[in-house]
There are 2 protein chains.
Amino acid sequence: MRDAEQTRKKILEISADEIHKKGFTATSLSCILARCGISKGALYYHFSNKMELGYAVFEEVYAPAFIALWQPPVESEDPIQGLCDFFSAMSKEMTCDEIVCGCPLNNLCQEMSGVDEGFRIRILAMQQQLNLLIATNLLRVSKQLKPDLDFSQIAYFIVSTFHGSSSLSKSSLNKELFDKVIKELCRYLQQLKR
Amino acid sequence: MRDAEQTRKKILEISADEIHKKGFTATSLSCILARCGISKGALYYHFSNKMELGYAVFEEVYAPAFIALWQPPVESEDPIQGLCDFFSAMSKEMTCDEIVCGCPLNNLCQEMSGVDEGFRIRILAMQQQLNLLIATNLLRVSKQLKPDLDFSQIAYFIVSTFHGSSSLSKSSLNKELFDKVIKELCRYLQQLKR
DNA sequence: CCATTTACAGACCGTGCGGTCGGTATGTAT
DNA sequence: ATACATACCGACCGCACGGTCTGTAAATGG
């Protein structure tokens with residue numbers, strides 16, 4: 001055959017990129033088709049409609065990438081330092097465009113949570129998974145941290161701040177505000193230690 | 001006349017509500033017209049196009065409301081306590097729907113900053129104004145706070161976390177996550193004191 | 001009283017969207 | 001060789017959107 005699996009992957013990757021940059025609703029199938037160099041028939045052979053394509057992008061591209069991104073820093077020996085290094089590396093290494101573009105999960109959360117149940121439950125599951133990941137690893141090193149901390153609360157706090165910072169950057173078109181918030185976030189994180 | 005000014009205000013208020021709930025792009029003029037009980041001719045008599053209507057909503061509804069919301073807590077004698085009370089009151093008094101709906105400024109920032117320059121500069125101006133408001137008032141009481149704090153950085157951090165928390169709530173459809181983040185935010189704020 | 005402006009009404013238009021459907025070429029099993 | 005499933009093509013459809021344009025009743029100035 002003409003390698004259907006590769007066609008499917010190409011659709012997923014390009015769709016992921018388009019949705020990341022433009023959002024789900026603003027992403028047009030025509031644009032995806034043009035970039036893929038395929039026809040509408042090809043796309044609708046692999047995906048039953050736009051929503052299902054969106055779900056597939058979330059599950060097969062965003063979700064794995066998201067976990068692969070957060071897991072290493074959080075599961076390192078020192079999660080506090082791991083997260084600080086993780087955030088700092090973003091400030092340094094990511095381009096201005098990448099930061100302004102924001103986290104796909106947060107973008108979709110804002111755009112689609114209130115519109116489509118299918119997206120909402122997937123996003124919620126991802127957020128809970130991330131929260132559990134962070135909270136359990138903070139618990140793991142709780143001896144090195146101050147007493148009486150609510151790790152789930154802290155985990156949600158960290159993620160909120162991180163997502164809020166990239167949201168903030170979207171209006172300024174530069175990394176400055178992002179850097180500032182990340183700096184303060186790292187200061188906050190270090191304060192959790194004894 | 002048939003009170004043109006009142007018609008204009010009605011359009012602005014209903015548009016503000018629609019845009020807040022659905023976002024700018026997803027808000028259809030037809031829907032606004034139906035809720036206002038007016039015709040398309042009326043709307044296009046007062047506003048040259050959808051964008052200009054959006055700008056007017058931002059400047060005449062969102063911006064004043066935004067300042068009126070943040071100014072009192074921040075300009076109180078104790079801004080730290082003022083902000084804590086301000087956030088806590090939100091957790092208690094706001095309905096689940098209101099929280100999930102999010103802050104109009106943050107919503108528009110996410111949706112429109114990358115799409116339209118007119119929106120972007122207005123949102124940026126608003127964010128800078130808020131940042132200045134918070135930072136100067138923290139500076140005002142800096143004697144009561146820990147030394148070597150970057151107040152602008154802290155101000156951006158606070159707003160980021162707040163906006164991030166309402167973003168987080170959108171996928172869970174309840175106040176629980178919002179409450180958690182707000183609690184931790186208040187804990188952080190109190191830590192700023194000597 | 002009349003002319004002109006104001007403040008709307010509503011039919012209409014072009015565009016771009018997601019989605020459908022009949023057709024076609026390529027591979028595979030018998 | 002034949003039959004059938006797979007993988008894809010691209011014209012077409014209905015729809016909802018923002019926007020335009022002509023018409024008209026109410027207010028206002030002379």
Side-chain angles (χ1 to χ4, degrees), chain A residues 1-58 60 107-108 111-112 114-120 122, chain B residues 1-58 60 107-108 111-112 114-119:
Chain A
M1 281 293 164
R2 289 155 272 178
D3 206 346
E5 202 51 40
Q6 194 171 332
T7 303
R8 193 188 135 89
K9 279 198 175 182
K10 190 169 189 180
I11 295 173
L12 281 176
E13 280 169 25
I14 290 183
S15 298
D17 184 58
E18 286 287 314
I19 293 172
H20 186 193
K21 286 175 181 161
K22 302 180 184 173
F24 179 77
T25 308
T27 291
S28 75
L29 298 184
S30 344
C31 188
I32 293 173
L33 302 179
R35 281 190 56 185
C36 285
I38 62 171
S39 72
K40 196 164 269 191
L43 194 150
Y44 273 85
Y45 172 77
H46 290 283
F47 304 96
S48 54
N49 52 43
K50 194 189 179 186
M51 268 307 171
E52 293 299 327
L53 171 60
Y55 297 161
V57 166
F58 188 92
E60 301 177 38
N107 292 355
L108 277 179
E111 183 191 1
M112 300 304 294
V115 179
D116 180 76
E117 271 292 295
F119 266 116
R120 209 201 97 232
R122 284 167 174 83
Chain B
M1 281 293 164
R2 291 155 270 178
D3 206 345
E5 201 51 39
Q6 195 171 332
T7 303
R8 193 187 135 89
K9 279 197 172 184
K10 191 170 188 181
I11 295 173
L12 281 176
E13 280 169 25
I14 290 183
S15 298
D17 184 58
E18 285 287 315
I19 293 172
H20 186 192
K21 286 175 181 161
K22 302 180 184 174
F24 179 78
T25 308
T27 291
S28 75
L29 298 184
S30 344
C31 189
I32 293 173
L33 302 180
R35 281 189 58 186
C36 286
I38 61 172
S39 71
K40 196 165 270 191
L43 195 149
Y44 273 85
Y45 172 77
H46 289 283
F47 304 96
S48 56
N49 52 44
K50 194 190 179 185
M51 263 315 169
E52 293 298 328
L53 171 61
Y55 297 162
V57 166
F58 188 91
E60 300 178 38
N107 292 354
L108 278 179
E111 182 191 1
M112 300 304 294
V115 179
D116 179 75
E117 271 292 295
F119 266 115

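For the numbers below, each heavy atom of this structure counts, side chains included, while hydrogens, waters and symmetry mates do not. All values reported here derive from a predicted model rather than from experimental measurement. Every chain is numbered from 1 and lettered A, B, ... according to where its sequence line falls, protein lines coming before strand lines.
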What heavy-atom pair brings [X] and [Y] nearest, and what distance separates the two atoms?
X	Y	value
B:L12	B:E60	CD1-OE1, 3.2 Å
B:C36	B:I11	SG-CA, 3.8 Å
B:E111	B:V115	O-CG2, 3.5 Å
A:F47	A:A56	CE2-CB, 3.7 Å
A:F24	A:M112	CD2-CE, 3.6 Å

Does the side chain of B:T7 get closer than 4.0 angstrom to OP1 or OP2 of C:dA7 through an N or O atom?
-> no
Indicate, with a heavy-atom threshold strictly under 4.0 Å, whether A:T25 touches base, sugar-phosphate, or nothing.
-> nothing
With a 4.0 Å cut-off on heavy atoms, is A:L43 in touch with a base, just the backbone sugar-phosphate, or nothing at all?
-> nothing
Length of the [atom1]-[atom2] vector between [X] and [N], whole Å:
X	N	atom1	atom2	value
A:I32	D:dC9	CD1	P	15 Å
A:Q6	D:dC8	CD	P	10 Å
B:L29	C:dC12	CG	P	20 Å
A:K10	D:dA7	NZ	C1'	15 Å
B:I38	D:dA25	CD1	P	19 Å

Do the non-hydrogen side-chain atoms of A:K21 and A:T27 ever get within less than 4.5 Å of each other?
-> no
Residue pair B:N107 / B:I19, side-chain heavy-atom distance below 4.5 Å | no
Closest of C:dG19, D:dA7, C:dG10 to the A:Y44 side chain is C:dG19
Roughly how far, to the nearest 0.5 Å, is CD1 of B:I32 from NZ of B:K40?
-> 10.5 Å
Under 4.0 Å between a Lys/Arg side-chain N and an Asp/Glu carboxylate O for B:E13 and B:K10?
-> no
For nucleotides 11-16 of chain D, read 5' to 3', which letter fits each nucleotide if B means a protein heavy atom sits under 4.0 Å from the base, S means only the sugar-phosphate is that close, and - means neither?
-> ------
Per the under-4.0 Å heavy-atom filter, residues of residues 45-52 of chain A near DNA chain C come out as A:N49, A:K50
